[in-house]
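Notes follow once the structure below has been shown.
Computed from a predicted structure; not experimentally measured.
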Amino acid sequence: RKAALKFEVPWGLEKLHLNNCQIHGDLLKVADAMLQRVLLLKEAAEAMSPEVVEMIKERRLRQPHSLEVLGLFEASDNDPRQFFEPIRLDAELKLKEKWPELPLKRRTIEPVPETVPETVPETLPAATAAVAPKELPVAAPADSGVSTCTEIP
């Protein structure tokens, strides 16, 4: 929890779509997970120090959000979210106020050569033809809020 409050670790999912899902068991556990994320947001916003703000700027982190569960409570007359919605709105607003603006990174574009060769060799030299390109796994940024799996052999 300490590392999450300082934004040193990813916070996990931010949106969970459960439309047309049959959930058996206690739905209050899902609501509790949503409430715990709201409380974490609130605590993180209140504990943000200048050092944490500098680390956010250096690592170019994006602001985390509360856990939103879609398709589970909409048809319910006893939607538990109504009880912590004011806390969620307040926490997200406080965090947004303290979150640093990250300047856009400028991309450098290589100039296009004025002359382009008119012919392309039909065969590659033997040294380069024998080497096949190597595929490398690409994972989403650690703080993207997107669940991904990457298999590394």
Side-chain angles (χ1 to χ4, degrees), residues 1-116 128 131-153:
R1 187 166 177 95
K2 280 184 175 182
L5 289 174
K6 294 180 181 178
F7 308 102
E8 294 173 344
V9 295
W11 281 33
L13 291 175
E14 292 180 344
K15 282 191 180 184
L16 185 58
H17 295 270
L18 296 177
N19 296 330
N20 302 319
C21 290
Q22 294 181 357
I23 308 291
H24 300 285
D26 191 359
L27 295 182
L28 289 180
K29 290 180 181 176
V30 176
D32 184 54
M34 295 169 67
L35 176 60
Q36 293 304 315
R37 175 64 79 74
V38 166
L39 295 175
L40 184 63
L41 266 175
K42 183 177 188 241
E43 192 176 344
E46 291 170 354
M48 260 180 99
S49 67
E51 294 82 19
V52 170
V53 170
E54 283 306 312
M55 184 271 305
I56 289 168
K57 287 179 182 178
E58 287 173 17
R59 293 181 54 200
R60 301 188 58 78
L61 300 178
R62 73 171 186 80
Q63 179 183 338
H65 297 281
S66 60
L67 174 61
E68 185 178 0
V69 177
L70 305 169
L72 189 59
F73 299 111
E74 283 79 0
S76 173
D77 292 333
N78 298 321
D79 187 343
R81 296 176 296 183
Q82 65 184 327
F83 300 110
F84 54 83
E85 187 66 10
I87 301 169
R88 182 190 69 81
L89 291 172
D90 183 55
E92 286 194 353
L93 182 62
K94 281 182 182 174
L95 191 60
K96 185 176 182 177
E97 288 172 355
K98 293 183 177 184
W99 203 263
E101 288 274 332
L102 300 176
L104 294 175
K105 278 191 169 181
R106 294 185 182 260
R107 291 185 176 183
T108 57
I109 300 173
E110 296 291 323
V112 178
E114 290 181 22
T115 59
V116 178
T128 57
V131 179
K134 192 175 194 178
E135 291 187 17
L136 299 175
V138 177
D143 64 338
S144 68
V146 176
S147 177
T148 62
C149 295
T150 304
E151 183 177 324
I152 299 176

Determine the minimum heavy-atom distance between [X] and [Y], stating which atoms define it.
X	Y	value
F7	A44	CZ-CB, 3.8 Å
P100	I56	CG-CG2, 3.6 Å
L40	A4	CD2-CB, 4.2 Å
L67	L13	CD1-O, 3.8 Å

To the closest 0.5 Å, what do you measure between [atom1] ([X]) and [atom2] ([Y])?
X	Y	atom1	atom2	value
M55	M48	CE	CE	8.5 Å
E92	W99	CD	CH2	12.0 Å
R37	H65	CZ	NE2	10.0 Å
K15	S66	NZ	OG	10.0 Å
L39	M34	CG	CE	12.0 Å
L70	L16	CG	CG	8.0 Å

Is the count of non-hydrogen atoms from other residues, nucleotides or ligands lying under 6.0 Å from K6 atom NZ greater than 12?
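Counting other residues, nucleotides and ligands, NZ of K6 stays at 12 neighbours or fewer.
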
Within the 4.5 Å heavy-atom criterion, are P80 and L35 side-chain neighbours or not?
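Result no, sub-4.5 Å side-chain heavy-atom pair not found.
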
Within-4.5 Å side-chain heavy-atom neighbours: L41 and K94:
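No; the side chains remain at least 4.5 Å from each other.
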
Is the shortest side-chain N to carboxylate O distance from E54 to K57 below 4.0 Å?
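The answer is yes: the pair qualifies as a salt bridge.
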
Answer yes when E46 and K42 have at least one side-chain N-carboxylate O distance shorter than 4.0 Å, and no when they do not.
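A salt bridge links E46 with K42.
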
